[in-house]
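Read the structure below first, then the notes.
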Amino acid sequence: MSAIPKPDMPVVELKAADLPAYCPNPAMPVWSAHPRVFLEISHGETACPYCGTRYRLAEGEVAHGH
């Protein structure tokens with residue numbers, strides 16, 4: 001399941017050290033919390049299926065497989 005990206009939602013840029021990516025992220029206020037969901041982001045951009053926040057790897061970052 002993946003959300004349809006909404007252009008007005010914030011974009012969180014991640015470094016490879018921030019992976020695995022999950023939402024809600026630590027910067028989000030507690031009142032907006034939803035169940036934690038881990039996001040697949042090996043390249044490009046992905047969106048949280050609950051809130052639509054977009055996540056992408058920062059320029060030059062490479063996701064390494066486990």
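These numbers were taken from a predicted model, which means no experiment stands behind them. Every heavy atom of this structure was used, including side-chain atoms; hydrogens, water molecules and symmetry mates were not.
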To the nearest 0.5 Å, how far apart are [atom1] in [X] and [atom2] in [Y]?
X   : Y   : atom1 : atom2 : value
N25 : T53 : CG    : OG1   : 7.0 Å
L57 : K15 : CG    : NZ    : 11.5 Å
L39 : Y55 : CG    : OH    : 6.5 Å

Nearest heavy atoms of [X] and [Y], plus distance in Å:
X   : Y   : answer
V11 : R54 : CG2-NH2, 2.8 Å
L14 : E61 : O-CG, 4.0 Å
A16 : V62 : CB-O, 3.3 Å

Side-chain contact test, heavy atoms from C-beta onward, threshold under 4.5 Å: evaluate it for Y50 versus C23 and give yes or no.
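They are not in side-chain contact.
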
Would you call P24 and V30 a side-chain contact if the rule is heavy atoms closer than 4.5 Å?
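Side-chain contact under 4.5 Å: no.
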
Quiz item: Quick one: side chain to side chain contact (heavy atoms under 4.5 Å, CB included) partners of P26, sequence neighbours excluded?
Solution: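 If we apply the side chain to side chain contact (heavy atoms under 4.5 Å, CB included) test to P26, skipping adjacent residues, the hits are Y22.
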
